[in-house]
Amino acid sequence: MRRGGTLLRLVLLSPVLLTGCGTGPSLENRGAVTAPPGDSLHLTIGSAGFTESDLLAQMYALLLDQAGYKTSMLTVANRELYEPALESGQIDVVPEYAATFADWLNAKTHGADAPPVGSPDLATTMKALRSLAAPRGLTVLDPGRAVDQNAFAVTAAYAGRHHLKTLSDLGASRLPVRLAAGDECVQRPYCEPGLKKTYGIDITGVDPKGVGTTQAKRAVQSGQDQMVLTTTTDATLDEFGLVLLADDKHLQNADYIVPVVNRSRAGSEGVTKALGKLNDVLTTADLASMNQQVDSWRRLPEDVARTYLKDKGLLK
């Protein structure tokens, strides 16, 4: 499943061992986060260790380098480690996902049973996220256009045969659908229950082949299953003849990509301006294409990131 509250990505832990990570300002000292934002000249960019996070971190580093900062990279493939490191200043900047990070911070603050605060509405999600991040000394910069949400795909032939473009179309068709997904899909509100309640889709069963795995996609490609749970930036759908059905009723949460910074070290206007250049440029489709270049074409994330920024006129 995904990044904590929604779809978790399975990644290997970095060999780098963070030591002395704090958990942010203590409750009695959290007034300090209202102090003027800092502007360290040497910034550590964090990556969660999967392709997309690596690409985003590389783009952040390149943009900050061009703006006059000196950057280094640190991969920590576990939010339980890198978020405290971000609070303590061992990591200064990290790419995150708005709704998922909001729910993660909410659970950390209010307990695992706290009602989710992430929602399909971006403004509502960002308000909740920023209110949870600020007391921890973190600043959440503005989201751009790119979003990595859970998504559902069928074969192009199946979509064409039944005139399907949206999940609403699939619900209206009354077709029986066997869904390839993680086994937790039977309980998650964005998955089987949500597809039934929001779209009226006749889910006849969940085939527990994982989220966006090759095995799951092949099951749909072969006709064993009719639909697969994946993500909006999945780079391999074309290889299996699959197409996404639009989430036209907004079942999925607003997992827009947002930079999160340590306020005392990277909360300056210079950092905000440098990273903000991506906001009007980077799209979900762009991110999917870059993921494909790394995952399928075996290009290095730094090379893909550099080429993209140069092509968009953001890097000299």
Side-chain angles (χ1 to χ4, degrees), residues 1-10 50-52 97 99-100 116 118-120 146-255 283-285 287-289 291-292 295-296:
M1 291 290 314
R2 177 160 37 252
R3 296 177 304 261
T6 36
L7 183 62
L8 293 176
R9 297 175 183 271
L10 299 180
F50 56 90
T51 295
E52 188 167 288
Y97 300 85
T100 294
S119 78
V147 57
D148 186 354
Q149 295 170 306
N150 300 316
F152 297 91
V154 298
T155 65
Y158 183 85
R161 187 162 61 249
H162 299 292
H163 310 289
L164 307 176
K165 293 184 178 180
T166 68
L167 290 171
S168 287
D169 291 340
L170 182 56
S173 74
R174 303 300 178 192
L175 291 164
V177 175
R178 180 173 164 87
L179 176 63
D183 54 9
E184 65 282 349
C185 177
V186 298
Q187 296 179 324
R188 297 286 184 176
Y190 69 85
C191 204
E192 180 182 355
L195 291 173
K196 289 180 175 179
K197 181 178 180 180
T198 302
Y199 289 107
I201 297 174
D202 180 17
I203 303 294
T204 60
V206 172
D207 187 3
K209 285 185 164 57
V211 179
T213 63
T214 297
Q215 185 183 22
K217 291 172 190 171
R218 283 177 177 165
V220 176
Q221 183 183 41
S222 69
Q224 177 183 342
D225 299 329
Q226 286 71 52
M227 188 162 68
V228 60
L229 170 61
T230 183
T231 68
T232 52
T233 59
D234 189 324
T236 64
L237 294 178
D238 287 348
E239 297 174 21
F240 297 90
L242 303 178
V243 294
L244 295 179
L245 296 181
D247 179 21
D248 53 308
K249 292 185 178 179
H250 306 293
L251 173 62
Q252 305 303 323
N253 281 346
D255 260 329
T283 67
T284 304
L287 206 45
S289 174
N291 284 338
Q292 182 180 36
D295 291 338
S296 298

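Atoms considered below: every heavy atom in the structure, side chains included; atoms not considered: hydrogens, waters and symmetry mates.
For K249, the side chain to side chain donor-acceptor pair (under 3.5 Å) criterion is met by no residue, not counting sequence neighbours. Applying the side chain to side chain donor-acceptor pair (under 3.5 Å) criterion to D248, with sequence neighbours excluded, gives S168. Checked against side chain to side chain donor-acceptor pair (under 3.5 Å), S296 has the following partners two or more places apart in sequence or in another chain: E239. Checked against salt bridge (charged side-chain N to carboxylate O under 4.0 Å, His left out), K165 has no partners two or more places apart in sequence or in another chain.
Between V228 and G212, the shortest heavy-atom contact is CG2-N, 4.5 Å. Across all their heavy atoms, A288 and A235 have their closest contact at O-CB, 3.3 Å. Summarising the geometry of D295 relative to T51, their closest heavy-atom pair is OD1-OG1, 2.6 Å, with the distance given to 0.1 Å. Scanning all heavy atoms of the two residues, the minimum distance from G210 to A216 falls at O-CB, 3.7 Å.
With rounding to the nearest 0.5 angstrom, the CG atom of L287 is 9.0 Å from the OG1 atom of T231. In this structure, the separation between CE on M227 and CG on D207 is 12.5 Å, given to the nearest 0.5 Å. Interatomic distance, CG of L242 versus NZ of K217, reported as 7.5 Å (0.5 Å rounding).
V211 places none of its side-chain heavy atoms less than 4.5 Å from the side chain of T230. By the 4.5 Å heavy-atom criterion applied to side chains, F50 and N291 are not counted as neighbours. In this structure the side chain of R218 reaches within 4.5 angstrom of the side chain of Q221, judged on heavy atoms.
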Contacts under 3.5 angstrom, residues 170-183 side chains, donor-acceptor by atom type, not counting sequence neighbours:
{"unit_1": "S173", "atom_1": "OG", "unit_2": "L170", "atom_2": "O", "d": "2.6"}
{"unit_1": "S173", "atom_1": "OG", "unit_2": "L175", "atom_2": "N", "d": "3.2"}
{"unit_1": "R178", "atom_1": "NE", "unit_2": "D225", "atom_2": "OD1", "d": "2.7"}

* To do: Would you check, one step at a time, whether the test salt bridge (charged side-chain N to carboxylate O under 4.0 Å, His left out) holds for K196 with E192?
  => CA-CA 6 Å; K196 289 180 175 179; E192 180 182 355; 2.8 Å; yes
* Yes or no on side chain to side chain contact (heavy atoms under 4.5 Å, CB included) for L229 and F152, after CA distance, side-chain angles and deciding distance? -> CA-CA 5 Å; L229 170 61; F152 297 91; 3.7 Å; yes
* To do: Assess whether side chain to side chain contact (heavy atoms under 4.5 Å, CB included) is satisfied between L245 and D169, documenting all intermediate values.
  => CA-CA 9 Å; L245 296 181; D169 291 340; over 6 Å; no
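Under the side-chain hydrogen bond (donor to acceptor under 3.5 Å, both in side chains) criterion, no residue pair touches residues 151-164, with sequence neighbours excluded.
T284 contributes a side-chain N or O that, together with a main-chain N or O of V147, makes up a donor-acceptor pair within less than 3.5 Å. Judged purely by atom type and a 3.5 angstrom limit, Q149 uses its side chain to pair as donor or acceptor with the backbone of N253. Not one N or O on the side chain of T198 forms a donor-acceptor pair closer than 3.5 Å with the backbone of L195.
In this structure, a donor-acceptor pair under 3.5 Å is present between the side chains of D234 and T236.
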